[in-house]
Amino acid sequence: MWFSAFFAILPLAPLASSARVPQDLFQSSFDVSTHLGNLSPYAKAPAAPGLQETLPEDCTVDQVMLMQRHGSRYPLVSELVFITNLVSKLAGSSAAIKKAELPSSMEFLKDGYTSTLGHDDLTAPGRLQLFDHGVSFALKYPHLKASTLLAGLQDRVVESAQWFANGYFGRAWGGLNATTLQTIPEDNVTISWITPMNTCENWQYDYGNNATITWGNVYLPPIAKRLNKLLPGVKLSTDDVHGALYACAYDLAAHGVSPWCGVFTESEIEDFDYELDLLMDGAFGYNLPGSMGPILGSLFVDKLIERFTNKTGDSQSLYLEFGHDTTIDMALTALGLAKDSPKLSATGPARLNRKWRTSHQVPFAAQMTWEKFSCTASFKGPQIRLLLNESPLALSLCKHMDKELGSCSLDDFVSANSFSTRISWGDATWNATCGNAGF
Ligand SMILES: *[C@@H]1O[C@H](CO)[C@@H](O)[C@H](O)[C@H]1NC(C)=O
Ligand SMILES: *[C@@H]1O[C@H](CO)[C@@H](O)[C@H](O)[C@H]1NC(C)=O
Ligand SMILES: *[C@@H]1O[C@H](CO)[C@@H](O)[C@H](O)[C@H]1NC(C)=O
Ligand SMILES: *[C@@H]1O[C@H](CO)[C@@H](O)[C@H](O)[C@H]1NC(C)=O
Ligand SMILES: *[C@@H]1O[C@H](CO)[C@@H](O)[C@H](O)[C@H]1NC(C)=O
């Protein structure tokens, strides 16, 4: 019984008990779910002002390369620990909480807050995001045929590719062990444009993580102070506050709602959003030391150019590939897109007009879609454009970008990326930045 098995694994009870989202702090149009950095659920990116989303009638998309992030997932073990510690703290303080006079947004705490979140794996909303994307892709590019998918070899990425395949091909695609689904290891010996940092010995997650610790020391204490005033006797630590922010993001990722999201003010959520941006910028973007960010991202850009120029003579018309937020962030960094000047600062304040916005760039189930197109009249020769989460992102790196479409000619794009095309894995430039003594 496929259906009963399916429903048996749905977390129905937690869904019901957390299905209240107090909204009193959010009278405005502020939407928490689009301010949770790379932990935001999928949403189409805001359209860039002035950019046209559809191609002129005389143009045809000839080739597409999709880099698809996995869908919503449970917290990583390193994040989950903040939530479970918060849950214990609250359970141990239930008497004090019952006595507290709480705003309506926090009344849920009187019934106790428990959590059934798992870790690492794709969630039910994550499955739906990927299935939807598979269906949409089939409808958007009916004339382009894919015969295979390629996924980074990590469970949530592979499962994402499977749900996409179900939507894209239907059940005929062959299922779990079909040769249709190919994988590429995500380890420290496999050179991959999906996980380039893994083969760069000098790369460290700490580059981003240390920035978030610095920023956490700035923005979390005032929130702890505010909440502890409302909850006398509970003594929430800054780590507990961090846990509550994660609970907001991950309840949303797993259940679609969270009582915690209504506990925070708009600016508190903005500060958490900034933390997530700092993490990605520091570990997979412009705040990596020297040129490490663009060098790592060059592997993706080179693969794109190799395929769109049919350099090896065997290029396919459609590539469906599955990876990570990090894959997309490093690619943007190699392209010089979403770049802030001056760089984002780990001591804040959160710059609200920043260009690096992981909630728009790499929400769960993010899609970096590259189109090569040709036109009978509008343009001469092959053109290229980028749709990031279904909205065009202007290819400002090109010399002669088309201002209406944000596109440029493929030749222009190739010239504009000479930084990337001059680099290959294990050459002098790569080694000078990455070290790679152990290879
Ligand atoms: C897929 O292959 C694995 C290992 O070869 C096997 O254990 C599993 O049962 C197979 N699954 C399906 C659905 O055929
Ligand atoms: C991160 O911070 C730790 C502790 O302060 C320090 O030892 C380490 O060198 C830092 N790492 C990076 C990459 O900045
Ligand atoms: C790449 O070139 C080969 C050989 O000319 C051709 O068969 C193939 O269709 C080309 N691929 C694309 C996507 O144009
Ligand atoms: C870069 O490092 C790799 C691995 O140690 C080595 O095989 C390669 O020769 C080096 N490249 C250059 C240009 O020195
Ligand atoms: C790769 O990882 C393995 C095991 O995790 C480790 O033993 C090895 O030293 C690593 N190799 C490199 C080149 O970093």
Q. When you check the gap from the basic side-chain N to the acidic O, do Lys303 and Glu306 get nearer than 4.0 Å?
A. yes
Q. Counting N and O atoms only, with roles assigned by atom type, does the side chain of Lys110 sit under 3.5 Å from a partner on the main chain of Lys98, one being a donor and the other an acceptor?
A. yes
Q: Look only at the side chain of Asp281 and the backbone of Asp277, and say whether a donor-acceptor pair between them is shorter than 3.5 Å.
A: no
Q. Do Asp239 and Asn85 have side chains that get closer than 4.5 Å, going by heavy atoms?
A. no
Q) What do the steps show when you test Val77 against Leu80 for side chain to side chain contact (heavy atoms under 4.5 Å, CB included), and what is the final call? A) CA-CA 5 Å; Val77 172; Leu80 181 60; 5.5 Å; no
Q) Are side-chain heavy atoms of Asp251 and Pro259 found at a separation under 4.5 Å? A) yes
Q) For His70 and Gln154, what are the C-alpha separation, side-chain angles and deciding distance, and is it a side-chain hydrogen bond (donor to acceptor under 3.5 Å, both in side chains)? A) CA-CA 10 Å; His70 60 75; Gln154 191 181 75; 5.4 Å; no
Q. Arg156 versus Glu159: any side-chain heavy-atom pair under 4.5 Å?
A. no
Q. Does one side chain, of Glu186 or Asn198, offer a donor that lies under 3.5 Å from an acceptor on the other?
A. no
**Q.** Gap between atom CG of Asp325 and atom CE of Met67 - 0.5 Å precision
**A.** 11.5 Å
Q. Would you call Ser160 and Leu122 a side-chain contact if the rule is heavy atoms closer than 4.5 Å?
A. yes
Q: Check the side chains of Ser237 and Asp240 for a donor-acceptor pair under 3.5 angstrom, ignoring hydrogens and angles.
A: yes
Q) Yes or no on side chain to side chain contact (heavy atoms under 4.5 Å, CB included) for Gln367 and Leu387, after CA distance, side-chain angles and deciding distance? A) CA-CA 8 Å; Gln367 297 193 297; Leu387 298 170; over 6 Å; no
Q. Relative to each other, are the rings of Phe82 and His242 parallel, tilted or perpendicular (30° and 60° limits)?
A. perpendicular
Q) Can you find a heavy atom in the side chain of Asp427 that is under 4.5 Å from one in the side chain of Arg422? A) no
Q) Taking all non-hydrogen atoms of both residues, which atom of Tyr141 and which atom of Thr369 are closest, and how far apart? A) OH-CG2, 3.6 Å
Q) With ring centroids as reference points, do Phe137 and His133 lie under 6.0 angstrom apart? A) no
**Q.** Electrostatic pair Arg69-Asp329, nearest N-O below 4.0 angstrom
**A.** no
Q: Examine distances only and state if a side-chain atom of Lys343 and a backbone atom of Tyr286 form a donor-acceptor pair shorter than 3.5 Å.
A: yes
Q) Roughly how far, to the nearest 0.5 Å, is OG of Ser407 from CZ of Phe413? A) 11.5 Å
Q.
I'd like to check Arg357 versus Asp273 (side-chain heavy atoms, cut-off strictly below 4.5 Å). Are they in contact?
A. yes
**Q.** Centroid-centroid under 6.0 Å between Trp215 and Tyr274 rings
**A.** yes
(Q) Applying side chain to side chain contact (heavy atoms under 4.5 Å, CB included) to Phe169 and Leu149, what does each step give before you reach the verdict? (A) CA-CA 11 Å; Phe169 298 105; Leu149 306 97; 3.7 Å; yes
**Q.** Residues Tyr74, Asp120; criterion side chain to side chain contact (heavy atoms under 4.5 Å, CB included); working and verdict
**A.** CA-CA 5 Å; Tyr74 288 116; Asp120 292 286; over 6 Å; no
Q. Taking side chain as C-beta onward, heavy atoms only, is Phe272 less than 4.5 Å from Leu36?
A. yes
**Q.** Enclosure of Lys99 NZ (heavy-atom neighbours >12, cutoff 6.0 Å)
**A.** no
Q: Supply the atom-to-atom distance Leu39 CG to Leu276 CG, rounded to the nearest 0.5 angstrom.
A: 5.0 Å
Q: I would like to know whether Phe308 and Trp370 meet ring-ring contact (aromatic ring centres under 6.0 Å, His included); could you show each step before the answer?
A: CA-CA 9 Å; Phe308 275 18; Trp370 290 93; 7.4 Å; no
Q: Please name the pair of heavy atoms, one in Leu236 and one in Asn228, separated by the smallest distance, quoted to 0.1 Å.
A: N-OD1, 2.7 Å
Q) Which atoms form the tightest heavy-atom contact between Thr433 and Asn202, and what is the distance? A) O-ND2, 3.0 Å
**Q.** Donor-acceptor contact present, side-chain Asn166 to main-chain Arg171, <3.5 Å
**A.** no
**Q.** Whether Thr238 side chain and Pro221 backbone form a donor-acceptor pair below 3.5 Å
**A.** no
Q. Can a donor-acceptor pair be found between the side chains of Gln63 and Ser315 at a distance below 3.5 Å?
A. yes
Q. Within the distance-only criterion (no hydrogens, no angle test), does the side chain of Ser40 pair as donor or acceptor with the backbone N or O of Ser359 below 3.5 angstrom?
A. no
Q) Do Phe108 and Trp260 have ring centres separated by under 6.0 Å? A) yes
(Q) Using a 3.5 Å distance criterion without hydrogens, assess whether the side chain of Gln68 forms a donor-acceptor pair with backbone atoms of Ala365. (A) yes
**Q.** Exceeds 12 heavy-atom contacts within 6.0 angstrom, atom NZ of Lys89
**A.** yes
Q) Which heavy atom in Leu332 sits nearest to a heavy atom in Met368, and how many Å separate them? A) CD2-CE, 3.7 Å
Q.
Please check if the number of heavy atoms outside Lys140 that lie under 6.0 Å from its NZ is greater than 12.
A. yes
Q) Quick check: does any side chain N or O of Thr180 sit under 3.5 Å from a backbone N or O of Trp173, one acting as donor and the other as acceptor? A) yes
(Q) For Ala253, is there any backbone N or O sitting under 3.5 Å from a side-chain donor or acceptor partner on Thr123? (A) yes
Q: Please check if any side-chain donor atom of Lys44 sits under 3.5 Å from a side-chain acceptor atom of Ser391, or the reverse.
A: yes
Q. Quick one: do the Glu390 and Tyr42 side chains pair a donor with an acceptor below 3.5 Å?
A. yes
Q. Counting only N and O atoms by type, is there a donor-acceptor contact under 3.5 Å from the side chain of Lys145 to the main-chain atoms of Pro142?
A. yes
Q) Taking all atoms of both residues into account, what is the closest heavy-atom pair of Thr347 and Val218, and its distance? A) O-CG2, 4.1 Å
Q | Gap between atom CG of Leu109 and atom OG of Ser94 - 0.5 Å precision | A | 11.5 Å
Q: Taking all heavy atoms of Ala151 and all of Leu181, pick out the closest pair and write down the distance.
A: CB-CD1, 4.2 Å
Q.
I need the Leu252 CG to Cys261 SG distance, nearest 0.5 Å.
A. 4.0 Å
(Q) Within the structure provided, determine whether Tyr246 and Pro75 are in side-chain contact (heavy-atom separation under 4.5 Å). (A) no
Q) Looking at CG of Leu245 and CD of Glu275, how far apart are the two atoms once the value is rounded to the nearest 0.5 Å? A) 8.0 Å
